[in-house]
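Since the structure comes first, as structure tokens, the remarks are kept for the end.
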Amino acid sequence: MIFKSDYLIVPLLAGFEWFDESLQMSLREAGWPHLTRPESMVMMHVQMDVVRPADIARSLRLTRQAVHSTINSLVERGVFEMADDPTDGRIRIVQLTPMGKAMRQDARKIVEHLTQELSRRIGARRVKALNEAFAGDWGAPIVHALPASESKAPAFRQAQDKKQ
């Protein structure tokens with residue numbers, strides 16, 4: 001599927017969805033349990049060593065309850081286990097079980113294959129450029145404040161207030 005847009009965020013999301021869907025279909029084909037998109041996102045955070053549920057929730061901009069529900073689903077299926085945080089015994093962290101580690105090993109192989117396939121489809125130079133661009137330090141997120149004269153929000157909120 002081709003997504004053309006002047007907004008960089010659209011092809012970024014489409015690329016992510018292509019990778020995630022391809023990975024999830026391949027894992028299911030290999031016999032691993034189906035993962036929802038939120039479960040997949042939590043798995044990626046654990047892969048990046050973000051293992052405290054509160055940190056995962058903050059990063060994904062989800063409620064702690066939603067993240068705990070997602071984690072509990074993966075615990076019930078044997079992918080995760082909860083353990084005491086070695087730096088703070090009051091906190092529980094997510095760890096991969098032996099099953100979760102085996103699944104991660106298969107996922108790594110699949111991602112390598114997907115990367116090779118993407119290189120074949122769009123060119124190795126483009127894939128290398130994407131990797132370099134996304135691996136770079138983008139700095140902290142920024143806020144771009146629209147001048148009041150350009151923002152549609154005040155007029156929209158005013159109209160909404162009149163309706164109520």
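Values below: every heavy atom of this structure, side chains too, minus hydrogens, waters and symmetry copies. As the structure is a prediction and not an experimental result, all values here were calculated from the model.
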Using salt bridge (charged side-chain N to carboxylate O under 4.0 Å, His left out) as the criterion, list what pairs up with [X], not counting sequence neighbours.
X: Lys101; result: none
X: Asp88; result: Arg90
X: Arg108; result: none
X: Arg125; result: none

Linking I/L/V/M/F/W/Y whenever any side-chain heavy atoms sit under 4.5 Å apart, do Leu12 and Phe16 land together?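 Yes; Phe16 is reachable from Leu12 via cluster members.
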Pairs under 3.5 angstrom only: tabulate donor-acceptor contacts from the side chains of residues 43-51 to other protein residues two or more places apart or in another chain.
| residue | atom | partner | partner atom | Å |
| --- | --- | --- | --- | --- |
| His45 | ND1 | Met41 | O | 2.9 |
| His45 | NE2 | Ser59 | OG | 2.7 |

Heavy-atom pair with the smallest gap, counting every atom of [X] and [Y]:
X: Pro33; Y: Met103; result: O-CE, 4.1 Å
X: Ile93; Y: Pro86; result: CD1-CD, 4.0 Å
X: Thr115; Y: Phe19; result: OG1-CZ, 3.7 Å

Check: [Y] and [X] side chains under 4.5 Å, non-hydrogen atoms:
X: Ile71; Y: Arg92; value: no
X: Leu35; Y: Leu74; value: yes
X: Lys109; Y: His113; value: no
X: Val94; Y: Met82; value: yes
X: Leu60; Y: Pro38; value: no

Excluding sequence neighbours, so at least two apart, what forms side-chain hydrogen bond (donor to acceptor under 3.5 Å, both in side chains) with [X]?
X: Ser26; result: none
X: Arg157; result: none
X: Arg58; result: Asp55

Any pair counted as salt bridge (charged side-chain N to carboxylate O under 4.0 Å, His left out), so long as it reaches residues 133-149, sequence neighbours left out: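 Not a single pair qualifies under salt bridge (charged side-chain N to carboxylate O under 4.0 Å, His left out).
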Report, as yes or no, whether the 6.0 Å neighbourhood of atom CZ on Arg104 holds more than 12 heavy atoms from other residues, nucleotides or ligands.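 Counting other residues, nucleotides and ligands, CZ of Arg104 exceeds 12 neighbours.
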Counting only heavy atoms not in Gln160 (residues, nucleotides, ligands), do more than 12 fall under 6.0 Å from its CD?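 Above 12, so yes.
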Output the distance between atom [atom1] ([X]) and atom [atom2] ([Y]), rounded to the nearest 0.5 Å.
X: Ile9; Y: Asp6; atom1: CD1; atom2: CG; value: 14.0 Å
X: Asp106; Y: Glu29; atom1: CG; atom2: CD; value: 12.5 Å
X: Thr97; Y: Phe80; atom1: OG1; atom2: CZ; value: 9.0 Å
X: Met99; Y: Arg77; atom1: CE; atom2: CZ; value: 8.0 Å
X: Leu114; Y: Leu23; atom1: CG; atom2: CG; value: 6.5 Å

Mind checking side-chain contact (heavy atoms from CB on, under 4.5 Å) for Met25 and listing every partner two or more places apart, or none if nothing turns up?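 side-chain contact (heavy atoms from CB on, under 4.5 Å) check on Met25 returns Glu21, Arg28.
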Which pairs would a plain distance check flag for residues 126-136, meaning a side-chain donor or acceptor within less than 3.5 Å of a matching protein atom at least two apart in sequence or in another chain?
none

Show me the donor-acceptor pairs within less than 3.5 Å that the side chains of residues 142-156 make with the rest of the protein, sequence neighbours left out.
| residue | atom | partner | partner atom | Å |
| --- | --- | --- | --- | --- |
| Ser151 | OG | Ala153 | N | 3.2 |

Applying side chain to side chain contact (heavy atoms under 4.5 Å, CB included), run through Arg120 and Gln116 and close with a yes or a no. CA-CA 6 Å; Arg120 188 186 69 72; Gln116 291 169 359; over 6 Å; no
